[in-house]
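See below for the structure under consideration.
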Amino acid sequence: MLIRFLGTSAGELYPGIWCRCRNCNAARTGPPEDRRQSAALFVMPNGSRPDSLGAVLIDFPSEIAVQAERHHVDLPSLEHLLVSHSHGDHWFPYLLRWRHGAHGDGEPGGVATTMVGGPRLTSLPTLHIWGNSAVEAVMHRDAGTDCAGYAAEFHAVCPMMEFTTGEFIVTTLPANHDVGREDAVHYVLRHGAATVLYGLDGDTFLAETREALTAFRFDLVIMESTYGHGDGRNHRNFARLIEEADWFRSAGLMTETGRIVATHFSPHHCPPHRETAEFLRQDNIEAAFDGMEILL
């Protein structure tokens with residue numbers, strides 16, 4: 001498996017688009033690792049494959065087109081999309097409008113043949129979109145209900161289910177995020193001998209999630225750390241992130257070479273990348289940055 005971080009920011013982006021605080025200004029003038037876009041993850045079953053065939057994308061923010069270009073993701077080849085929850089920094093389905101096919105033969109520069117968008121003029125593989133009921137509702141609100149026209153198929157998920165998409169076996173776990181408003185999920189991906197947890201968004205694991213996690217041994221655990229040195233609920237801070245990392249290790253849930261990586265950083269609670277990385281390294285946690293790759 002090849003893991004590529006397309007974005008590692010919390011919802012306000014890093015630097016914050018409306019802010020000139022110390023961290024935001026430092027990110028604007030600092031090294032590339034300091035500048036973060038909305039969190040998204042690209043997972044390829046074969047690290048040597050040059051396109052997106054067989055790959056899984058987790059979450060679909062508004063910057064996804066720029067992220068794909070910057071980090072070498074061929075979106076037209078994408079077949080598998082997992083959406084964690086309906087919040088706009090993780091799910092921006094308006095962009096699906098430009099995926100809609102022409103009715104009849106379309107040519108560049110010709111008359112628009114749909115009321116929806118572009119349209120695209122080439123055939124695409126079916127995009128399998130997995131998400132909860134709130135994810136589906138936002139998709140229909142922003143892009144309509146004509147999934148076939150988008151060469152897409154929606155699959156409903158709920159916590160504690162297992163399914164196969166492409167070459168990946170996927171397990172959904174309940175996230176401690178907006179509990180009672182929607183069923184946000186974390187995803188466990190398995191391919192071959194490799195097992196990965198993508199745990200965004202969410203605070204300290206729910207009891208049922210913690211119990212379900214004990215069924216796996218992880219090569220890679222990716223968790224969020226939105227609140228950094230600060231505090232707040234519905235997301236983790238560094239202190240609770242470190243507690244979770246200690247639990248994974250003490251419970252024997254990591255392989256011998258297993259890695260724990262933090263992402264989803266807010267500029268108003270998490271310092272620039274070098275400072276964050278040095279702080280977390282003390283507890284054997286890595287800080288992700290946009291474009292970071294991990295080969296399992």
Side-chain angles (χ1 to χ4, degrees), residues 3 5-41 58-59 61 63 84-85 87-90 175-179 184 186 197-207 209-210 213 218 220-251 253-254 258-292 294:
I3 313 295
F5 289 84
L6 306 187
T8 57
S9 171
E12 62 266 61
L13 306 182
Y14 202 135
I17 57 175
W18 304 111
C19 187
R20 295 195 186 102
C21 73
R22 176 259 189 192
N23 289 350
C24 290
N25 276 344
R28 289 187 177 98
T29 58
E33 291 82 3
D34 286 346
R35 293 183 285 280
R36 307 177 184 275
Q37 294 188 318
S38 296
L41 194 75
I58 306 182
D59 287 342
E63 310 100 295
S84 60
H85 63 301
H87 289 178
D89 57 318
H90 294 263
N176 190 1
H177 186 69
D178 268 18
V179 174
H186 301 321
L197 169 67
Y198 193 62
L200 283 64
D201 288 10
D203 207 331
T204 299
F205 288 124
L206 299 167
T209 302
R210 192 175 298 273
L213 287 166
F218 292 97
L220 177 63
V221 168
I222 302 168
M223 291 185 286
E224 67 130 292
S225 54
T226 304
Y227 287 124
H229 292 301
D231 202 4
R233 293 294 173 176
N234 214 35
H235 293 277
R236 289 188 191 88
N237 61 7
F238 286 159
R240 295 196 294 277
L241 169 72
I242 292 167
E243 289 174 357
E244 300 283 31
D246 289 344
W247 175 75
F248 272 99
R249 296 185 180 112
S250 63
L253 304 186
M254 304 299 298
R259 299 162 67 175
I260 296 178
V261 176
T263 186
H264 205 270
F265 300 106
S266 163
H268 304 127
H269 303 286
C270 306
H273 178 72
R274 181 176 176 181
E275 293 178 52
T276 290
E278 289 177 351
F279 176 81
L280 293 177
R281 192 178 297 121
Q282 300 173 81
D283 291 278
N284 199 23
I285 300 171
E286 301 172 58
F289 56 87
D290 291 20
M292 177 178 171
I294 296 175

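Along the sequence shown, residues are numbered consecutively beginning with 1.
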Please examine the side chains of N234 and D201, heavy atoms only from C-beta on, and report whether any two atoms are closer than 4.5 Å. no
How far apart are the closest heavy atoms of F265 and A287, and which atoms are they? CZ-CB, 4.0 Å
For the side chain of N237 and the backbone of D231, is there at least one donor-acceptor N/O pair under 3.5 Å apart? no
Run the side chain to side chain contact (heavy atoms under 4.5 Å, CB included) test on W18 and C24 for me, step by step, so that the C-alpha distance in whole Å, both residues' side-chain angles and the decisive distance to 0.1 Å come before the verdict. CA-CA 9 Å; W18 304 111; C24 290; over 6 Å; no
Nearest 0.5 Å, please: how far is CZ in F248 from CZ in F218? 5.5 Å
Show your working on salt bridge (Lys or Arg N to Asp or Glu O under 4.0 Å) between R22 and E275 and close with a plain yes or no. CA-CA 13 Å; R22 176 259 189 192; E275 293 178 52; 2.7 Å; yes
Minimal heavy-atom distance between F205 and E244, with the atoms involved, is N-OE2, 2.8 Å
Nearest 0.5 Å, please: how far is CZ in R28 from CG in N23? 11.0 Å
Here the pair of heavy atoms bringing A245 nearest to I285 is CB-CD1, 3.7 Å
Can you see which heavy atom on S225 is nearest to which on C270, and at what distance? O-SG, 3.3 Å
Is the distance between the ring centroids of F279 and F238 under 6.0 Å? yes
Whether the side chain of R35 engages the backbone of G30 through a donor-acceptor N/O pair (distance < 3.5 Å, no angle test) should be reported. yes
Begin from the C-alpha positions of R274 and E278 and carry the test salt bridge (Lys or Arg N to Asp or Glu O under 4.0 Å) through to its verdict. CA-CA 6 Å; R274 181 176 176 181; E278 289 177 351; 3.2 Å; yes
Is it true that R36 and E63 have a side-chain N and a carboxylate O under 4.0 angstrom from each other? no
To the nearest 0.5 Å, atom NE2 of H87 lies from atom CG of D178 at 3.5 Å
CG/L41 to OG1/T8 distance, rounded to the nearest 0.5 angstrom? 11.0 Å
Given side chains that start at C-beta, do those of H273 and P31 come closer than 4.5 Å, heavy atoms only? no
Side chain to side chain contact (heavy atoms under 4.5 Å, CB included) between H264 and D89, worked out: CA-CA 11 Å; H264 205 270; D89 57 318; 3.8 Å; yes
Using the ring of Y227 (Phe, Tyr or Trp, six-membered ring only), decide whether R233 places NZ or CZ under 6.0 Å from its centre and within 45 degrees of its axis. no
Indicate yes or no for a side-chain donor-acceptor contact from N176 to the backbone of T204 under 3.5 Å, with no hydrogens or angles considered. yes
Roughly how far, to the nearest 0.5 Å, is the OG atom of S38 from the CG atom of L6? 11.0 Å
N/O donor-acceptor pair under 3.5 Å between D59 side chain and A40 backbone: no
Minimum side-chain heavy-atom gap P61-Q37 below 4.5 Å: no
Which atom names give the shortest non-hydrogen contact between G7 and T263, and what distance separates them? O-OG1, 4.1 Å
Which of I260, L213, L253, V261 passes side-chain contact (heavy atoms from CB on, under 4.5 Å) with V221? Answer is I260
Would you say that F289 contacts T276 through its side chain, given a criterion of any heavy-atom pair below 4.5 Å between the two side chains? no
Walk me through whether R240 and E224 qualify under salt bridge (Lys or Arg N to Asp or Glu O under 4.0 Å). CA-CA 10 Å; R240 295 196 294 277; E224 67 130 292; over 6 Å; no
Nearest heavy atoms of S84 and H90, plus distance in Å: OG-ND1, 3.8 Å
Run D283 and L280 through side chain to side chain contact (heavy atoms under 4.5 Å, CB included) and show every step you take. CA-CA 6 Å; D283 291 278; L280 293 177; over 6 Å; no
Measuring from atom CZ of F5 to atom OH of Y198, what distance do you get when rounded to the nearest 0.5 angstrom? 7.0 Å
